[in-house]
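Comments concern the structure below.
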Amino acid sequence: MFALVDCNNFYVSCERAFQPSLEGKPVVVLSNNDGCIVSRSAEAKALGIPMGEPLFKIRPLVEQHGVQALSSNYALYGDMSGRVMGYLASMAPELEVYSIDEAFLSLHGMARWHGPLDTYARQIRSEVRRRTHIPTCIGLAPTKTLAKLANRVAKKDPSLGGVLLLDSNERRQWALERVPVEDVWGIGRQYATKLHSMGITTAAGLARCSEAIARKHLGGVVGARLVRELQGYPCHQLNPSEDGSLARQSIACTRTFGRPLAQFEDVLGAVAAFASRAAEKLRRQGSAASLLTVFLSQNRFGNAPPPHTRSAQVTLPVSTSNTTELVRFARALLGRLWQPGTVYTKAGVILDGFEQGGQEQLSLFAPDGGERVERLMRKLDALNARYGIGSVQVAAVLGAHPGKAPWKGQQQRRTPAYTTCWDELWQVG
DNA sequence: TCTGGGGTCCTAGGACCC
DNA sequence: TCTGGGGTCCTAGGACCC
């Protein structure tokens, strides 16, 4: 039996945990540059504010109803997520951290010790709330896809008290019939449109599909597995997370600039900063990358025809996690992409092709130099951990401007980093 | 004026190999 | 004119997720 624990309106809930005055009011959290809505309180949803909507389009609504719009505070959310996941890890033999606000638990064999699983789930739910002030819903079912579906039903139907267990054919069928097909995990916009045109409008209808239909219309083997999972046959295993942190297969750092940029030095500053950040994340999970991609984007909402993005990739001669090396190659790729006279709005650096033990290969080429580089990188990470991200940087990051980097955007509505920054600790009193 | 960021998996086609 | 079969690796692109 799988359990899916999902935090309700996670970013808004994190903000409320430290600012109880936000309780009961319409609140939204904004994306980078205060651009789009990425989390909404129930009250904000009730006002008809859609997920992903740009703030400027709903400005009248926000002002009319006094909606609190907050900049995103990822230091806070990451820390709160760690607390929730740490507790969940203690409540089940295996835990998969699926995203910042969701986790799958394996509850195999747990009923024997803890009695009915829905009762156990209610305990977990109230304890998460007591410890962190974060509300959750929990879906329990024999497959991951059904656990997601149970979770969604529990969210929509307050009479269920935040927990739904699908442990019989009758209950499963009951749940399948009340979920629209577009809300099934793995059915996005394209597939939903296709299914509706075929007359399939509910999860129950999808569960009745033949394997051939699923394969033909829903992306081959992916669709076949989806339908099997709805029928109650597990196709997806739990992928336990090592001490709550995920080892990624790719690492990206991408940003829309605070304003459009046309100077090479300005964009280089951004790309070098992104490469540095990506290298830090890479070292934190102990990987070395063999593939480096840089992309540059122009305004995709303008009149210019697509493509709005161009990218360039290089296979590194030696896998590495060395910031200086990665910045050097990123600069070369940027040079290949750069078109003078073009105005860019966004850039990104992506690291791929990981292998373990990259450091060994590095030292093969530079028997003592490799170790020296490793020590330097460790020191760099330690300093940045102590004094804050970006305290110590390679020169290219600084670009032509000694002051604020021109690619950095606005975060005018950010709340303090209550839990992670010495200067912004929560004040009691 | 203002439109996020970071991931996953799968498929198809070409190059290349024996 | 005839001119195999099977495998791997790489890349691009599509669809989905939170």
Side-chain angles (χ1 to χ4, degrees), chain A residues 4-11 28-40 50-60 62 69 71-72 74 77-78 81 96-104 144-145 148 151-152 182-195 214-226 235-236 239 246-260 274 277-278 281-282 285 290-291 293 295 297-302 306-315 345-354 409-413:
Chain A
L4 175 68
V5 182
D6 187 354
C7 300
N8 304 349
N9 319 326
F10 182 58
Y11 298 165
V28 298
V29 173
L30 305 169
S31 65
N32 191 40
N33 288 342
D34 296 339
C36 293
I37 312 300
V38 293
S39 181
R40 305 163 294 161
M51 185 66 171
E53 189 77 348
L55 177 62
F56 74 89
K57 287 193 182 172
I58 54 157
R59 185 85 69 181
V62 165
S71 299
S72 42
Y74 285 98
Y77 312 150
S81 175
E96 174 184 342
V97 177
Y98 179 68
S99 73
I100 195 167
D101 66 345
E102 275 178 65
F104 286 103
K144 282 179 153 184
T145 307
K148 287 283 280 188
N151 185 286
R152 187 206 168 269
E182 57 268 26
D183 290 344
V184 172
W185 191 38
I187 300 300
R189 265 230 300 279
Q190 311 288 323
Y191 292 165
T193 306
K194 200 182 283 188
L195 288 168
R215 273 183 190 271
K216 180 160 181 215
H217 297 286
L218 305 177
V221 65
V222 180
R225 289 205 277 251
L226 199 173
C235 302
H236 298 296
N239 305 121
L246 309 179
R248 299 296 189 184
Q249 298 173 32
S250 73
I251 286 174
C253 186
T254 72
R255 286 286 178 289
T256 300
F257 305 141
R259 59 179 168 82
F274 301 162
R277 264 303 277 150
K281 294 190 206 171
L282 189 64
Q285 72 168 46
S290 64
L291 229 44
T293 306
F295 72 80
S297 302
Q298 296 174 256
N299 181 10
R300 63 188 219 275
F301 301 99
H308 302 115
T309 297
R310 297 201 313 138
S311 67
Q313 192 175 64
V314 63
T315 302
T345 58
K346 176 179 179 176
V349 170
I350 301 163
L351 302 176
D352 260 315
F354 298 162
Q410 303 300 311
Q411 280 221 302
Q412 295 180 340
R413 308 144 179 273

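Nearer to the 5' terminus of DNA chain B, by closest-nucleotide assignment, is the contact made by A/N299 (compared with the other of A/A252 and A/N299). Closest-nucleotide positions on DNA chain B for A/C253 and A/P54 were compared, and the one nearer the 5' end corresponds to A/P54.
In this entry B/dC18 has C/dG5 as its Watson-Crick or G-U wobble partner, both defining distances falling under 3.5 Å.
From the 5' end on, the contacts that DNA chain C makes with chain A at under 4.0 Å to a non-hydrogen atom open and close at C/dA15 to C/dC18.
Using a 4.5 Å heavy-atom threshold, the side chains of A/Y11 and A/I100 count as touching. No side-chain heavy atom of A/V62 sits less than 4.5 Å from a side-chain heavy atom of A/V28. Residues A/L4 and A/E102 meet the side-chain proximity criterion, which asks for heavy atoms closer than 4.5 Å. Contact annotation: the side chain of A/K281 approaches that of A/R277 to within less than 4.5 Å [non-hydrogen atoms, C-beta and beyond]. The shortest side-chain heavy-atom distance between A/R413 and A/L55 falls under the 4.5 Å cut-off.
Nucleic acid contact for A/E53: none, since no nucleic acid atom lies under 4.0 Å from a heavy atom of the residue. If you check every strand for non-hydrogen atoms under 4.0 Å, A/K194 touches nothing. Residue contacts for A/R300: at a heavy-atom cut-off of 4.0 Å it reaches the sugar-phosphate backbone alone, with no base atom in range. Here A/V349 lies out of heavy-atom contact (under 4.0 Å) with every strand. Residue contacts for A/I187: at a heavy-atom cut-off of 4.0 Å it reaches the sugar-phosphate backbone alone, with no base atom in range. Using a 4.0 Å heavy-atom criterion, one finds that A/F10 contacts no nucleic acid atom at all. Residue-level contact check: A/I251 touches the backbone only, with heavy atoms under 4.0 Å from sugar-phosphate atoms and none from bases.
Spacing of P atoms, B/dT3 relative to C/dC17, comes out at 25 Å, to the nearest Å.
By the salt bridge (Lys or Arg N to Asp or Glu O under 4.0 Å) test, A/R215 pairs with A/E211, sequence neighbours left out.
Ring planes of A/W185 and A/F104: tilted class, angle from 30 to 60°.
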